[in-house]
Protein chains: 2
Amino acid sequence: MELSERKKKILQCVVDDYIETAVPVSSKSLTERHLPNISSATVRNELSALEELGYLTQLHTSSGRVPSAQAYKLYVSDLMVKDKLTEKELDYIKKIFLDKADNLEEVIKNTTKVISELTSYTSVGVVSPDVGEKINVIKFFRYKKDTALVLIVTERRLLKDNYITVPENMEEEQLIEAENVLNRLCVGKSFEEICNIKDDINDEFSGYKSIFVNVVEALRVYMTVQESDVVLEGQDKILDHPDYADIGKIKNFLSVVTKKDKVMTLLSGDGKDIKINVKIGTDGYEEIPEDCSLVTATYSANGTKIGTYGVIGPIRMDYQKVVAVLENVGKILESILTNR
Amino acid sequence: MELSERKKKILQCVVDDYIETAVPVSSKSLTERHLPNISSATVRNELSALEELGYLTQLHTSSGRVPSAQAYKLYVSDLMVKDKLTEKELDYIKKIFLDKADNLEEVIKNTTKVISELTSYTSVGVVSPDVGEKINVIKFFRYKKDTALVLIVTERRLLKDNYITVPENMEEEQLIEAENVLNRLCVGKSFEEICNIKDDINDEFSGYKSIFVNVVEALRVYMTVQESDVVLEGQDKILDHPDYADIGKIKNFLSVVTKKDKVMTLLSGDGKDIKINVKIGTDGYEEIPEDCSLVTATYSANGTKIGTYGVIGPIRMDYQKVVAVLENVGKILESILTNR
DNA sequence: TGTTAGCACTCTTTTTGCTTGACTGCTAAT
DNA sequence: ATTAGCAGTCAAGCAAAAAGAGTGCTAACA
């Protein structure tokens with residue numbers, strides 16, 4: 001059922017006020033602050049109707065109204081007036097990114113830092129693996145008798161966190177030989193393609209099969225989100241918000257947010273095309289701490305997903321600000337990473 | 001002034017009880033729980049004397065006694081009965097380390113994890129840089145026109161997080177040449193030695209001076225503690241302790257503990273030979289959050305400092321358990337890392 | 001001289017009742 | 001459909017009273 005224009009307006013004012021003050025909103029304060037042309041009694045009737053429809057709740061009979069999760073959803077999708085960032089804030093974002101634009105890892109760390117800084121909420125981010133990412137070159141670096149570091153240069157980054165075990169008696173030339181064969185097989189191909197060719201390589205790859213299997217395993221690891229791909233900033237910001245005056249809630253929040261694996265699952269489900277995505281903990285999304293809200297945006301450059309970034313905080317969140325920050329950071333980030 | 005045996009015994013009981021219950025300790029409960037042979041009136045006299053001497057405080061005239069920082073110090077150094085870990089706990093420690101004993105980074109992460117798990121406090125750790133660490137080999141890996149990754153293999157680890165800028169017009173052979181010269185200069189030398197030879201290399205190193213300077217800079221970075229060398233575990237554990245029922249205190253704690261640079265300075269001052277080191281926030285140590293206690297141990301293997309690990313938590317900490325865990329983890333860790 | 005029983009005193013914590021103030025919901029008039 | 005006005009509800013704040021936990025002191029005792 002579509003709400004009347006007046007109901008929408010009133011609901012918007014309730015959410016605005018509640019987000020600002022954290023105090024249940026009364027009919028009187030609404031007429032005084034936003035609606036001088038109608039009486040508080042009329043507003044009371046409307047509030048009562050909105051409560052009936054599930055948009056508002058009351059803590060007790062004589063308290064003001066508090067928005068429900070349903071109300072926040074409508075607010076974000078329909079009612080909210082989009083906020084603009086100040087020049088100062090925009091400059092801040094640009095300055096941060098321009099310094100270290102060429103290192104993807106740095107960019108990602110800075111992204112969460114900026115988001116957390118500007119919104120004053122905890123921010124989370126994860127680099128999306130890209131199964132279509134193509135390999136430029138693979139290099140082995142043997143640094144112990146039986147261990148070699150695998151360096152993989154792809155279109156967008158340098159992967160250098162995987163090791164393979166090498167037979168101790170393997171000569172240096174053999175390792176180079178293996179490297180050459182591997183490069184012949186892999187260069188220009190995507191992770192996905194390489195993982196699929198594993199069967200028909202016996203002839204060419206003869207003696208080095210175990211190495212190939214190891215490298216494919218390393219690639220497979222890079223294809224899924226790793227804990228090291230998850231970035232967190234401002235975990236303590238939550239304490240500044242009155243919604244978390246209760247230790248139990250803080251604990252609930254921190255027990256999720258301090259664990260990278262949990263944050264990973266939190267961010268993993270997010271779709272490809274959706275730009276701004278709001279999930280509210282109370283209904284349906286089990287991964288999100290109770291009474292929390294997760295607002296995320298997925299950024300892409302040159303048609304490839306870069307990563308998902310967002311803010312996690314109280315349901316009573318400053319969505320105007322958060323959405324504005326996420327959109328602007330996205331724009332600037334994408335423009336820097338596209339066609340560079 | 002030396003305390004009488006009975007005073008020591010009573011003080012020990014007070015601290016034991018207070019650590020266990022978090023409730024101010026009364027004369028009556030002391031006689032009931034630990035001292036059946038003396039009357040509560042006698043204990044009261046002794047408590048009063050101990051208060052006079054600065055070991056105990058009273059929140060108000062009719063409350064029980066609470067240990068002062070001074071009392072905790074004496075408790076840890078003299079009074080405390082050393083705790084033993086259970087077989088189960090010891091097995092747990094061994095199992096964790098045996099899995100990944102050959103990767104120093106993994107070992108360090110696991111160390112803090114184990115400590116936090118077993119003590120149920122937040123644990124912190126930092127890998128000590130070792131200025132005497134000798135270099136086995138240096139390798140450049142050029143992966144972009146103007147950027148090369150610097151790989152440095154030392155006696156104990158593989159450093160792979162530094163990049164140098166290479167002149168775009170530099171040929172591959174020239175880079176290899178530079179690598180050779182650099183190895184001739186550096187292999188077998190310690191970080192410290194290399195940083196000191198920078199002046200008289202002009203003749204041999206001719207054209208590659210900027211590269212050498214870059215590499216030395218990279219070494220200098222490795223010689224100081226890096227943020228990436230700091231590990232943290234169980235930041236949310238603090239919330240389980242009643243001492244942190246107050247949001248202000250939690251904030252205070254987290255604002256230090258979530259920031260790696262702050263933890264770094266916290267752990268940096270610790271000496272070389274001291275095994276177990278207890279610092280209490282209320283007096284003197286400004287870096288430690290107020291009302292917090294930091295217990296650390298420094299581990300070594302083959303005569304070199306591996307790192308400093310410890311626990312940060314409330315002053316009312318279970319020192320018996322914490323010291324036992326730190327000592328045992330240290331023993332096992334050192335035995336694994338020595339002469340491998 | 002050290003120890004102990006007993007009692008008065010102090011201070012916190014809990015309970016209770018009361019008052020005030022903020023809202024709402026309802027009703028009747030517009 | 002809107003509004004003014006009023007009765008009803010509930011939380012929050014306050015003060016006084018009661019209960020409880022512990023101490024310090026004094027006087028007696030070994």
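Excluded from the calculations below are hydrogen atoms, water molecules and symmetry mates; all remaining heavy atoms, backbone and side chain alike, are included.
No donor-acceptor distance shorter than 3.5 angstrom exists from the side chain of A:Ser116 to the backbone of A:Thr112, with no hydrogens or angles considered.
Summarising the local packing, NZ of B:Lys28 is surrounded by 12 or fewer heavy atoms from other residues, nucleotides or ligands at distances under 6.0 Å.
Neither OP1 nor OP2 of C:dT3 sits under 4.0 Å from any side-chain N or O of B:Arg44. For A:Ser27, a side-chain nitrogen or oxygen approaches OP1 or OP2 of C:dT24 to under 4.0 Å.
Looking at the side chain of A:Ser62, the nearest of the listed nucleotides C:dT24, C:dA22, C:dT4 is C:dA22.
For the pair A:Ser26 and B:His60, nearest-nucleotide mapping onto DNA chain C gives the more 5' position to B:His60.
Between the CD atom of A:Gln58 and the C1' atom of C:dG25 there is a distance of 10 Å, given to the nearest Å. One can place CG of B:Leu59 at 11 Å from C1' of C:dT12, the figure rounded to the nearest angstrom. Distance A:Leu30 CG to C:dT24 C1': 13 Å, rounded to the nearest Å. For B:Lys28 and C:dT4, the NZ to C1' distance is 16 Å, given to the nearest whole Å. Between A:Asn45 atom CG and C:dC26 atom P there is a gap of 9 Å when expressed in whole angstrom units. Regarding A:Glu52, its CD atom lies at a distance of 10 Å from the P atom of C:dG25, rounded to whole Å. Protein atom CZ of B:Arg6 is 10 Å distant from nucleotide atom P of C:dG2, rounded to whole Å. Per the geometry, CD belonging to A:Glu51 stands 11 Å off P belonging to C:dC26, to the nearest Å.
Using a cut-off of 4.0 Å between Lys/Arg side-chain N and Asp/Glu carboxylate O, B:Lys8 and B:Glu2 are scored as salt-bridged. For the pair B:Lys249 and B:Asp243, the salt-bridge criterion is not met [side-chain N within less than 4.0 Å of a carboxylate O].
The two residues B:Pro67 and B:Tyr18 have their closest heavy-atom pair at CD-CD2, 3.4 Å. The minimum heavy-atom distance linking A:Val76 with A:Val278 is given by the pair CG1-CG2, 3.7 Å.
B:Tyr55 has its side chain out of reach of B:Arg65: every pair of non-hydrogen atoms, C-beta onward, lies at least 4.5 Å apart.
Nucleotides of DNA chain D that come within less than 4.0 Å of any heavy atom of chain B span, from the 5' end to the 3' end, D:dA21 to D:dG24.
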